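The chain is numbered in sequence order, starting from 1. Here the structure is a predicted model, which means the values were calculated and not measured.
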Amino acid sequence: MPPMADVTVLVLMGVSGSGKTTVGQHLEARLGWQFVDADDYHSAANIDKMRRHLPLTDEDRRPWLDALHRAIQQWTATKQPTVLACSALKADYRERLAKDAPNLVWVYLKGSADLLRSRLTAHTAHFMPADLLRSQLNTLEVPDDAFVVSIDQPPAAIAQAIIQYYDLLPVSQP
């Protein structure tokens with residue numbers, strides 16, 4: 001694990017319903033780091049496709065991943081501490097995002113299919129329908145280089161575990 005001073009981008013990854021946004025917002029509040037949701041980088045066509053209950057293909061994801069990679073490069077170059085909530089389901093997606101970003105670390109938010117499904121069913125404001133969970137779980141390639149945290153605990157506890165694991169400190173205020 002890299003020392004805290006070397007971490008610029010912390011990526012919270014996992015399938016929809018794993019709590020990436022909620023945990024990211026807790027980390028933002030605790031650390032003062034910028035929080036970015038990768039969903040904001042999806043094209044209107046991708047969002048429309050998911051709303052129509054159609055899973056995204058690798059081709060659909062390519063421009064999204066490229067845009068995220070450019071953002072990661074900018075945050076790294078400017079040393080902007082950032083928490084990024086991003087599914088990053090496949091190893092090659094993660095490789096694409098982390099290319100030339102040595103100060104990027106991964107946190108895999110892991111949960112059972114039943115817990116994830118119940119969360120997605122209750123989370124009606126999001127464009128990702130619960131019936132696409134199976135396709136996400138089938139696509140998921142479990143990372144071997146991530147800090148793994150179980151999502152069967154409160155988001156504040158998950159954020160605290162991440163902070164302790166990477167020995168993260170709040171940004172200093174001017």
Non-hydrogen side-chain atoms of [X] and [Y] separated by less than 4.5 Å:
| X | Y | answer |
| --- | --- | --- |
| Leu27 | Trp33 | no |
| Met13 | Leu109 | no |
| Thr8 | Thr78 | no |
| Leu12 | Ile162 | yes |
| Thr82 | Leu10 | no |
| Leu168 | Val7 | yes |
| Leu84 | Gln34 | no |

Please test Ser112 against Asp114 for side chain to side chain donor-acceptor pair (under 3.5 Å), starting from the C-alpha separation and ending with a verdict. CA-CA 5 Å; Ser112 71; Asp114 288 339; 5.4 Å; no
Please confirm whether the backbone N or O of [Y] pairs with a side-chain atom of [X], one donor and one acceptor, at under 3.5 Å?
| X | Y | value |
| --- | --- | --- |
| Lys90 | Leu140 | no |
| Gln136 | Val15 | no |
| Arg94 | Leu89 | yes |
| Asp145 | Trp106 | no |
| His69 | Ala98 | no |

Determine whether Leu115 and Ile151 satisfy the following criterion, side-chain contact (heavy atoms from CB on, under 4.5 Å), listing intermediate values before the conclusion. CA-CA 9 Å; Leu115 176 57; Ile151 63 168; 3.7 Å; yes
Going by the rule side chain to side chain contact (heavy atoms under 4.5 Å, CB included), which residues pair with Asn138 if we only count those two or more places apart in sequence or in a different chain? Arg134
Look at the rings of Tyr166 and Phe147 and say which category their plane angle falls in: under 30° parallel, 30 to 60° tilted, over 60° perpendicular. perpendicular
For Arg52, is there an ion pair with Asp48 - N to carboxylate O distance below 4.0 angstrom? yes
Value for OG1 (Thr76) from CG (Asn103), rounded to nearest 0.5 Å, stands at 6.0 Å
Hey, could you give me the NE2/CZ distance between His26 and Phe35, rounded to the nearest 0.5 Å? 11.0 Å
